[in-house]
Amino acid sequence: MAFGWIDEEAESRRRAGLVRALRPRPADSPLLDLASNDYLGLSRHPEVTEGAARAARTWGGGATGSRLVTGSTELHAELEDELADFCGFEAALVLSSGYAANLAAVTALAPHGSLVVSDAGNHASLIDGCRLARGETQVVAHADPDAVRKALRTHDGPAVLVSDTVFSVDGDAAPLAAHAEACRERGAGLVLDDAHGLGVLGDGGRGAPHAAGLAGADDVVVTVTLSKSLGSQGGAVLGPARVIDHLVNVARTFIFDTGLAPAAAGSALAALRLLRREPERAVRARTVARELHARLTAAGHEAVRPHAAVVSVRAPSPEGAVRWAAECRAAGLAVGCFRPPSVPDGISRLRLTARADLSEGQIEHAVRVIGETRP
């Protein structure tokens with residue numbers, strides 16, 4: 001029977017406790033949200049939602065075509081200019097998602113005959129970019145500059161290191177300065193995914209590359225998402241103008257994809273301007289993360305020290321993680337649940353978002369619920 005193998009795979013997932021299911025949320029969910037990536041609490045901010053509404057009224061509900069046909073508006077150009085300026089880069093290119101931005105950057109900058117060095121902890125979008133790139137990929141040990149050096153020594157042609165700046169599972173940070181040194185010894189470029197750094201790290205939330213002194217360098221390209229700290233949707237690639245021009249001409253997820261909807265561009269631009277005015281939001285997100293970590297470890301949980309806004313709490317097993325997250329939800333707290341195959345090390349976790357708009361009472365409530373529901 002056609003697709004009969006799907007039933008076998010579904011049964012294997014069921015036996016392993018790895019079945020995933022959609023859970024549509026209502027607009028007025030009563031849950032305390034520590035599961036989303038709304039790090040600065042801006043997705044429902046009146047200025048951000050008005051930015052989306054105003055853009056939709058002005059430009060329509062959709063971009064109407066690819067960016068190279070009818071999908072580029074003056075609003076897209078305005079967002080690109082302000083993103084590049086805020087993060088400290090020469091130019092920016094907005095795409096329909098952070099996933100598309102990573103595919104664009106990696107595939108466009110790893111042609112045939114090149115080497116891609118990829119951190120073992122990278123996000124799936126970077127991994128897929130490596131798979132689609134025409135260059136050879138070497139996966140190296142997590143956050144290990146010496147492993148990067150060793151890989152680069154095996155290749156004499158063009159090369160690039162691909163890495164998250166803040167890793168999405170545990171919230172740990174890559175050693176960006178050391179990585180840059182290793183790459184510059186061999187003339188290799190860096191492609192850095194700052195999805196979890198923008199809005200949280202760096203001066204006023206300008207991102208991890210800015211904090212590491214790499215912003216604007218001619219050998220550094222950064223991807224960001226607009227769907228986390230900026231509370232919107234979409235992605236962007238930041239870097240030297242000649243690199244961005246190259247992407248416009250060769251990146252398939254840019255050329256053949258419909259442009260970002262105006263409402264998403266408008267809300268992201270409004271959030272970016274709000275962050276410029278209120279840089280303390282970035283500081284608060286980091287403070288909340290440290291507070292969550294301190295209280296969780298004091299209560300006996302095994303939590304990874306956060307470098308940005310992600311706090312990871314180890315679970316005893318995949319089944320235990322699923323049960324723990326479900327009992328947290330039943331107690332009014334939404335948390336993320338990471339388990340194989342999403343975590344390459346096989347360790348299941350609860351993943352908590354340290355939002356800038358969480359109150360002291362909400363932090364205390366979250367820690368109490370996690371403790372009371374622990375398997």
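Here the structure is a predicted model, which is why all the values come from computation and not from measurement.
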Q362 versus D357, closest heavy-atom pair with distance: OE1-O, 3.8 Å

Tell me if a side-chain donor or acceptor on R286 pairs with a main-chain N or O of V200 at a distance below 3.5 Å. yes

Could you list the cluster mates of L126? Members are the ILVMFWY residues connected by side-chain heavy atoms closer than 4.5 Å, either directly or through other members. L68, L93, L95, V106, L109, V116, V160, V162, V191, V221, V237, V243, I244, L247, V248, F254, I255, F256

Side-chain heavy atoms of R134 within contact of P111, under 4.5 Å: no

Can any side-chain N or O of T49 pair as donor or acceptor with the backbone N or O of P46 at less than 3.5 Å? yes

So, S118 versus N122: side-chain donor-acceptor pair below 3.5 Å or not? yes

Holding to salt bridge (charged side-chain N to carboxylate O under 4.0 Å, His left out), I want the full list of residues that pass it with E364, two or more places apart in sequence or in another chain. none

N/O donor-acceptor pair under 3.5 Å between T154 side chain and K150 backbone: no

Indicate yes or no for a side-chain donor-acceptor contact from D194 to the backbone of T223 under 3.5 Å, with no hydrogens or angles considered. no

In sequence, state the C-alpha distance, the side-chain angles, and the governing distance for L103 and D128, and then conclude on side chain to side chain contact (heavy atoms under 4.5 Å, CB included). CA-CA 7 Å; L103 293 185; D128 287 351; 3.8 Å; yes

Is it the case that the side chains of H365 and R368 hold a donor-acceptor pair, with the cut-off being a distance below 3.5 Å and no angle test? yes

Would you say L269 and L75 make side-chain contact, with heavy atoms under 4.5 Å? yes

Would you check if the side chain of R351 reaches a backbone N or O of R349 as a donor-acceptor pair within less than 3.5 Å? no

Applying side chain to side chain contact (heavy atoms under 4.5 Å, CB included), name anything that partners R242, two or more places apart in sequence or on another chain. P240

Sequence neighbours left out, what passes ring pair (Phe, Tyr, Trp, His ring centres under 6.0 Å) with H76? Give chain and number order. none

Share the residues that join V140 in a hydrophobic cluster, the rule being Ile, Leu, Val, Met, Phe, Trp or Tyr side chains under 4.5 Å apart at the heavy-atom level. L115, V117, V148, L152, L161

Indicate every side-chain donor-acceptor pair of residues 315-329 with a distance under 3.5 Å to a residue at least two apart or in another chain.
| unit_1 | atom_1 | unit_2 | atom_2 | d |
| --- | --- | --- | --- | --- |
| S317 | OG | G320 | N | 2.9 |
| W324 | NE1 | I370 | O | 3.1 |
| W324 | NE1 | T373 | OG1 | 3.2 |

For S125, does its backbone N or O pair with a side-chain atom of N102 as donor and acceptor, under 3.5 Å? no

Taking only residues two or more places apart in sequence, or in another chain, which ones meet S36 in a side chain to side chain donor-acceptor pair (under 3.5 Å)? D33

Between R355 (side chain) and V288 (backbone), is there a donor-acceptor pair under 3.5 Å? no

I'd like to know if the side chain of S29 and the backbone of R25 have a donor-acceptor N/O pair within less than 3.5 Å. no

Could you list all the salt bridge (charged side-chain N to carboxylate O under 4.0 Å, His left out) pairs where at least one residue sits in residues 59-81, not counting sequence neighbours? R67-E80, E78-R273

Is there a path of hydrophobic side-chain contacts, each under 4.5 Å between heavy atoms of I/L/V/M/F/W/Y residues, joining V313 to V367? yes

Using a 3.5 Å distance criterion without hydrogens, assess whether the side chain of H45 forms a donor-acceptor pair with backbone atoms of E47. yes

Between R15 and E11, does any side-chain N to carboxylate O distance fall below 4.0 Å? yes

Just so I know, are the side chains of F86 and H210 near enough to count as touching, which here means a heavy-atom distance under 4.5 Å? no

Applying salt bridge (charged side-chain N to carboxylate O under 4.0 Å, His left out), can you list everything that pairs with D218, at least two apart in sequence or on another chain? none

Just one of H307, H123, H142 clears the ring-ring contact (aromatic ring centres under 6.0 Å, His included) bar with F167, so which one? H142

Can you sort out the partners of D245 under salt bridge (charged side-chain N to carboxylate O under 4.0 Å, His left out), two or more places apart, ordered by chain and number? none

Show the atom names and distances, to 0.1 Å, of all donor-acceptor pairs under 3.5 Å that link a side chain in residues 227-236 to residues at least two apart or in another chain.
| unit_1 | atom_1 | unit_2 | atom_2 | d |
| --- | --- | --- | --- | --- |
| S227 | OG | T225 | OG1 | 2.7 |
| S229 | OG | L198 | O | 2.7 |
| S232 | OG | A264 | O | 2.7 |
| S232 | OG | S267 | OG | 2.6 |

Do R149 and E181 come within less than 4.5 Å of each other through their side chains, counting heavy atoms only? yes

Suppose we screen for salt bridge (charged side-chain N to carboxylate O under 4.0 Å, His left out). Which residues come up paired with R13, at least two apart in sequence or across chains? E9

Report yes if the side chains of L272 and L83 come closer than 4.5 Å at any heavy-atom pair, otherwise no. yes

Donor-acceptor check, side chain of T58 to backbone of A55, threshold 3.5 angstrom: yes or no? no

Under 3.5 Å, is there a donor-acceptor pair between the S114 and E136 side chains? no

